[in-house]
Amino acid sequence: MAKYKHIVIPKNGKPITIQKKKLKIPNNPIIPVIEGDGIGRDIMKATRRVVDAAVEKTYKKRRAIAWMDVYAGERANELYKEWLPKETIDAIKKYIVALKGPLTTPIGGGFRSLNVSLRQILNLYACVRPVSYFKGVGSPVTHPEKMNMIIFRENTEDVYAGIEWKKGSKDVKKVINWLNKNMKTNIRLDSGIGVKPISVTGTKRLVRKAIQHAIDNKLPSVTLMHKGNIMKYTEGAFRDWGYKVATTEFRNKIVTEDEVWDKYNGKVPKGKIVIKDRIADSIFQQVLTRPDEYSVLATPNLNGDYISDACAAQVGGLGMAPGANIGDYIGLFEATHGTAPKYADKDVINPSSVILSACMMLDYMGWNKAADMIRNAIQKTLNKKTVTYDLHRQMKGAKKVGTSQYATHIIKNM
């Protein structure tokens with residue numbers, strides 16, 4: 001067993017391992033958990049209670065999660081005097097599947113985003129965001145039930161690679177002067193500069209994972225979202241490379257949208273997944289006007305960030321939106337919202353985002369029955385209009401409860 005400075009390895013658990021390119025899940029897996037900053041303390045306590053109850057009710061005493069606290073953000077800074085300790089990274093690498101609350105990141109300065117750092121260090125190249133509607137939740141659209149989509153967002157490249165130079169710095173002057181002189185550009189000297197890398201490698205592994213998900217779950221289509229009409233060699237290339245993956249690696253499983261019209265008179269052949277693409281601004285309109293035409297979106301990093309939040313807004317906001325960062329094997333499941341420090345330790349915040357992310361984690365482990373039990377219990381709780389303040393504002397006749405009470409009601413409704 002590895003030795004850690006502040007991490008205590010649970011004695012009643014065993015590590016998840018990789019055998020024959022698949023995860024081997026013991027009945028008592030050790031799951032690293034980052035509580036998170038701000039409201040993370042409240043919502044993670046509630047989540048662990050809900051998950052433990054569902055696992056116990058589903059599998060009796062045959063299975064149980066051995067939670068292992070690991071540290072990032074403010075708590076890590078207190079313990080280690082650094083925001084993202086090496087032993088936290090090492091623990092997630094070793095134990096493979098982890099759960100995470102929201103972490104602090106200052107805007108416009110200070111340390112770099114811990115979320116982005118975790119994704120890049122652990123090579124978690126796919127940000128996976130399912131968006132679906134729970135009946136009874138308030139929504140700004142007329143038919144939120146039509147939204148049932150899963151977004152695969154590339155996680156390591158694009159502008160999020162963090163390659164940029166500050167206006168007025170020595171380095172930015174070098175970059176601008178070189179570009180203007182050697183590449184015949186006309187960049188203003190008072191500019192900041194950022195670089196947007198999109199690679200064949202990053203694109204193909206992301207699109208491959210999106211298509212495989214559609215195949216495994218018998219979903220009708222995968223849509224490549226891009227701004228290739230303007231950025232032809234980055235986002236346009238993302239589109240082209242995505243089609244290449246589809247037509248070379250999944251040829252017997254897919255049909256392109258053009259082929260549907262050119263070869264099949266507009267009718268999709270039985271059992272085939274349609275691969276199509278949409279310009280970014282167009283898809284933002286279409287997820288509002290006809291969301292039921294889309295099931296899986298595959299996107300570059302920045303596009304995926306925007307579209308996943310826009311879709312979540314239709315089903316009740318980020319408080320109802322789960323998410324995960326997944327690589328070849330490692331899965332880090334997390335709340336998709338921020339730390340909301342003014343609500344910290346007040347026991348008022350909706351924990352559904354991180355609870356539903358934990359459901360994704362259970363699905364990833366193959367413990368689908370426990371995940372389904374939680375989702376069904378959340379729907380029952382919403383049916384009874386027992387909700388936290390954010391949903392209470394949108395639901396007539398609802399009863400407002402705190403974070404811990406909401407978790408208790410979910411457990412009762414299992």
Side-chain angles (χ1 to χ4, degrees), residues 4-10 13 29-55 64-106 111 113-119 121-122 124 318-319 321-325 330-362 374 388 402-408 410-411:
Y4 300 110
K5 186 176 180 181
H6 293 292
I7 297 170
V8 178
I9 302 170
I30 295 172
I31 301 292
V33 56
I34 298 171
E35 185 177 66
D37 298 326
I39 58 172
R41 294 185 286 274
D42 286 336
I43 63 176
M44 193 58 77
K45 287 187 186 77
T47 297
R48 285 165 67 156
R49 283 177 55 216
V50 168
V51 172
D52 286 342
V55 170
I65 288 175
W67 301 104
M68 181 175 76
D69 287 299
V70 300
Y71 305 97
E74 293 170 354
R75 182 66 176 135
N77 198 41
E78 291 171 11
L79 290 172
Y80 301 84
K81 306 305 178 192
E82 56 181 317
W83 297 93
L84 186 56
K86 181 178 182 297
E87 72 175 33
T88 294
I89 297 293
D90 291 344
I92 296 172
K93 284 181 179 177
K94 178 176 176 57
Y95 293 98
I96 301 175
V97 174
L99 186 64
K100 183 182 82 64
L103 293 173
T104 298
T105 298
F111 58 87
S113 166
L114 297 177
N115 295 321
V116 172
S117 296
L118 279 163
R119 293 165 189 166
I121 293 168
L122 294 168
L124 306 177
L318 294 179
N325 298 290
I330 296 173
L332 181 61
F333 299 82
E334 64 177 0
T336 57
H337 53 67
T339 59
K342 70 177 182 178
Y343 294 109
D345 305 311
K346 293 183 179 178
D347 194 39
V348 297
I349 287 292
N350 183 356
S352 295
S353 176
V354 74
I355 291 174
L356 290 168
S357 299
C359 289
M360 291 180 69
M361 181 188 79
L362 293 169
I374 294 171
T388 48
T403 308
S404 54
Q405 290 174 292
Y406 181 68
T408 298
I410 292 172
I411 293 167

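- Judged by distance alone, with hydrogens and angles left aside, the side-chain atoms of Asp42 form a donor-acceptor pair with the main-chain N or O of Asp345 at under 3.5 Å.
- Panel note: side chain Ser353, backbone Ala321; a donor-acceptor pair is recorded below 3.5 Å.
- Between Val51 and Trp67, some side-chain heavy-atom pair lies under the 4.5 Å cut-off.
- Here CD1 of Ile30 is found 11.5 Å from CD1 of Ile96. Values are rounded to the nearest 0.5 Å.
- Nearest heavy-atom pair across Leu362 and Ile374 is CD1-CD1, 3.9 Å.
- The shortest side-chain heavy-atom distance between Ile411 and Val50 falls under the 4.5 Å cut-off.
- Taking all atoms of both residues into account, the shortest heavy-atom contact from Tyr71 to Pro85 is O-CD, 3.3 Å.
- Shortest non-hydrogen contact noted between Asp37 and Glu74 is OD1-N, 3.0 Å.
- For the residue pair Ala46 and Thr403, the shortest heavy atom distance occurs at CB-CG2, 4.0 Å.
- The structure places CE of Met68 at 12.5 Å from CG of Leu99, a figure rounded to the nearest 0.5 Å.
- The nearest pair of heavy atoms linking Ile31 to Ala98 is CG2-CA, 4.2 Å.
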Using side-chain contact (heavy atoms from CB on, under 4.5 Å), reason through Ile92 and Lys100 one step at a time and then give a plain yes or no. CA-CA 11 Å; Ile92 296 172; Lys100 183 182 82 64; over 6 Å; no
Dump the intermediate steps for side-chain contact (heavy atoms from CB on, under 4.5 Å) on Asn325 and Leu118, then the final yes or no. CA-CA 9 Å; Asn325 298 290; Leu118 279 163; over 6 Å; no
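- For Thr47 (side chain) and Ile43 (main-chain N/O), a donor-acceptor pair under 3.5 Å exists by modelled atom type.
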Just do the side-chain contact (heavy atoms from CB on, under 4.5 Å) check on Ile89 and Leu84 with the steps written out, would you? CA-CA 8 Å; Ile89 297 293; Leu84 186 56; 4.1 Å; yes
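- Interatomic distance, OG1 of Thr88 versus NZ of Lys93, reported as 12.0 Å (0.5 Å rounding).
- Here Ile355 contributes atom CD1 and Ile410 contributes atom CD1; the two are 4.0 Å apart, rounded to the nearest 0.5 Å.
- One finds the CD1 atom of Ile39 at 10.5 Å from the CE atom of Met44 (value rounded to the nearest 0.5 Å).
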Please step through side-chain contact (heavy atoms from CB on, under 4.5 Å) for the pair Asp69 and Val8, ending with a clear verdict. CA-CA 7 Å; Asp69 287 299; Val8 178; over 6 Å; no
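- In this structure, the separation between OG1 on Thr339 and CZ on Arg41 is 9.0 Å, given to the nearest 0.5 Å.
- The shortest non-hydrogen separation linking Ala66 to Gly13 is CB-CA, 3.7 Å.
- Residues Met361 and Ile65 have side chains in contact (heavy-atom distance under 4.5 Å, counting atoms from C-beta outward).
- Between the side chain of Arg49 and the backbone N or O of Ser404 there is at least one donor-acceptor pair closer than 3.5 Å.
- Glu87 contributes a side-chain N or O that, together with a main-chain N or O of His6, makes up a donor-acceptor pair within less than 3.5 Å.
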Apply salt bridge (Lys or Arg N to Asp or Glu O under 4.0 Å) to residues Lys86 and Asp90 and explain how you reach the verdict. CA-CA 6 Å; Lys86 181 178 182 297; Asp90 291 344; 2.7 Å; yes
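- Formation of a donor-acceptor pair under 3.5 Å by the Ser357 side chain with backbone atoms of Gly323 is found in this model.
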